[in-house]
Amino acid sequence: MLIDFFYTLRSAKLPVSVKEYLVLLEALQANVVGPNSDGAFALDDFYYLSRTSLVKDEKHYDKFDRAFAAYFKGVEMLADFTKEVPLDWLRKTLEREFTAEEKAKIEKMGWDELMETLKKRFEEQKERHEGGNKWIGTGGTSPFGHGGYNPQGIRIGGAGKNKSAVKVWDQRAYKDYDDSQELGTRNIKVALRRLRKFAREGHEEELDLDHTIQSTAANAGYLDIKMRPERHNNVKVLLLMDVGGTMDEHIQRVEELFSAVKTEFKHLEFYYFHNCVYDFMWKNNKRRFSEKFATWDILRKYNKDYKLIFVGDATMSPYEILQPGGSVEYNNEEAGAEWIQRLTHAFPKFAWINPEPQGVWQYRQSIAVMQQLVSHRMFPLTLKGLEEAMRLLSK
């Protein structure tokens, strides 16, 4: 009955074998997962069992998650559809929509006032609240909580909705970009090839036909084969990629870009950050807190021969760029703007690639701030934008 599920995973370019599929079926027959206490067969249980049986490398988890979601879209339970509808689900469907006039009446707090007010709310609040404009709750206009609207608030729990939170109080998990993603078009590679500097290095593995002919002729016709090192693109690239949050909307195109960059540039180093660069970055999103790379160390490790490329939508609260402690995840000692300036000073050849449509840039205050910090070297993630960025970096 899961043949279609198997083919869905294969269509998503997951290396799932028939043997692994049979292991999953055997596990189901052996009741490794089964009905829970209410008699329902939970989709979460099947998710973990199928991922364990079918996926052998954690780098494929993101592909598996998307294929799984596509196949079981809208399914909450594999059985027992008479189960009581969760109250939280009903609340979601009844979330209040605010008119433009109502939104305009809500005043913004400054950074210091926002933090001080949150501290007071924690001290004073004793119970849950919904739909209000003061307490930590859901569905209202308070600057604290989730599910409602405030032009500058702190999201506590729940999912992002209006992209206006200046800080997020929630445990967040990001996923690595897939560097094996097949490109939707070869044109991205072609655009990146504008940034090329060929050099012959390494072992002599390639026939040098011209010199072979010349040497043979000079040697009275006796064959004298000449070899030479293969030509390689000698450009060095330091790629810093924003991940998580609003960047989830751009995963596919960023993965296509990442795949092309890894193919085109032999000397590539990459790191992840979230929203803005601060005092550390990481290479693996599942270990981003246990395996940190200090930004100071990255600045010292790579010389100015590297071309620096930022990839990010620059869509965040301006506080995240300009304010110490502005990170949505922890209290950074120095503002993100300080680190951006250090990076652009250390690597004079730099550019920022933005996957957000260029038409909305003017409506994002944080994009305007970031454009100033990178000397307006921000380009859209389009073929024309990539060509312009590569042309700038090659000068």
Side-chain angles (χ1 to χ4, degrees), residues 1-93 146 155-160 168-182 243-245 247-252 254-255 258 272 274 282-291 329:
M1 67 175 180
L2 293 173
I3 285 290
D4 289 341
F5 177 55
F6 173 75
Y7 282 119
T8 298
L9 298 179
R10 293 295 294 268
S11 297
K13 308 299 182 184
L14 280 158
V16 180
S17 69
V18 173
K19 183 177 179 180
E20 290 162 346
Y21 172 69
L22 293 176
V23 169
L24 173 61
L25 294 184
E26 289 173 4
L28 290 172
Q29 290 173 348
N31 293 320
V32 174
V33 296
N36 55 31
S37 56
D38 352 6
F41 192 83
L43 191 60
D44 284 349
D45 292 343
F46 177 73
Y47 164 80
Y48 287 112
L49 174 63
S50 58
R51 194 181 75 174
T52 302
S53 304
L54 302 173
V55 184
K56 302 305 181 187
D57 192 324
E58 66 179 18
K59 73 179 183 181
H60 298 304
Y61 281 177
D62 188 37
K63 276 185 182 178
F64 177 82
D65 288 353
R66 281 184 274 166
F68 190 94
Y71 185 78
F72 291 106
K73 186 176 182 181
V75 178
E76 296 297 329
M77 288 293 194
L78 295 179
D80 193 8
F81 290 99
T82 62
K83 186 173 180 177
E84 184 178 353
V85 178
L87 183 58
D88 284 344
W89 183 85
L90 282 176
R91 284 199 187 99
K92 282 268 182 206
T93 64
H146 70 89
R155 176 160 59 84
I156 300 176
V168 176
W169 198 302
D170 194 11
Q171 180 64 39
R172 312 173 83 192
Y174 310 139
K175 295 177 180 176
D176 295 348
Y177 291 125
D178 185 355
D179 59 10
S180 64
Q181 172 74 23
E182 290 196 10
V243 65
M247 283 297 292
D248 287 347
E249 301 172 14
H250 310 294
I251 285 176
Q252 182 177 353
V254 174
E255 285 186 339
F258 191 22
Y272 292 110
H274 178 58
W282 56 94
K283 278 183 168 289
N284 187 310
N285 281 294
K286 293 185 181 298
R287 296 190 287 271
R288 64 192 174 104
F289 292 116
S290 60
E291 295 181 4
E329 297 193 299

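Below, each value reflects all heavy atoms present in this structure, side chains not excepted, and no hydrogens, waters or symmetry copies. As the structure is a computational prediction, the values presented were derived from the model and not from experiment.
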- Electrostatic pair Arg288:Glu329 at N-O distance under 4.0 angstrom: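 A salt bridge links Arg288 with Glu329.
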- Query: Do NZ/NE/NH1/NH2 and the carboxylate oxygens of Arg66 and Glu255 come within less than 4.0 Å?
  - Reply: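 Salt bridge present between Arg66 and Glu255.
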- Item | Heavy-atom side-chain contact between Lys283 and Glu291 under 4.5 Å |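 Of all side-chain heavy-atom pairs linking Glu291 with Lys283, none is under 4.5 Å.
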- Query: Is there a side-chain contact between Glu20 and Phe6, using heavy atoms and a 4.5 Å cut-off?
  - Reply: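 With C-beta onward as the side chain, the pair stays apart.
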Say you draw a straight line from [atom1] of [X] to [atom2] of [Y]; how long is it, rounded to the nearest 0.5 Å?
X: Leu14; Y: Leu54; atom1: CG; atom2: CG; answer: 9.0 Å
X: Leu9; Y: Arg51; atom1: CG; atom2: CZ; answer: 13.0 Å
X: Ser53; Y: Phe46; atom1: OG; atom2: CZ; answer: 8.5 Å
X: Phe5; Y: Tyr21; atom1: CZ; atom2: OH; answer: 9.5 Å
X: Leu25; Y: Ser50; atom1: CG; atom2: OG; answer: 11.5 Å
X: Glu26; Y: Leu28; atom1: CD; atom2: CG; answer: 10.5 Å

- Message: Among residues at least two apart in sequence or on other chains, which ones pass side chain to side chain donor-acceptor pair (under 3.5 Å) with Arg10?
- Response: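 Here no residue qualifies.
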- Task: Determine the minimum heavy-atom distance between His274 and Gly245, stating which atoms define it.
- Result: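 Reported closest heavy-atom pair: CE1-N, 4.0 Å.
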- Please report the shortest heavy-atom distance between Asp57 and Val55, naming the atom on each side.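 In this case the closest contact between Asp57 and Val55 is O-CG1, 3.3 Å.
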- Yes or no on ring-ring contact (aromatic ring centres under 6.0 Å, His included) for Phe64 and Tyr47, after CA distance, side-chain angles and deciding distance? CA-CA 10 Å; Phe64 177 82; Tyr47 164 80; 5.7 Å; yes
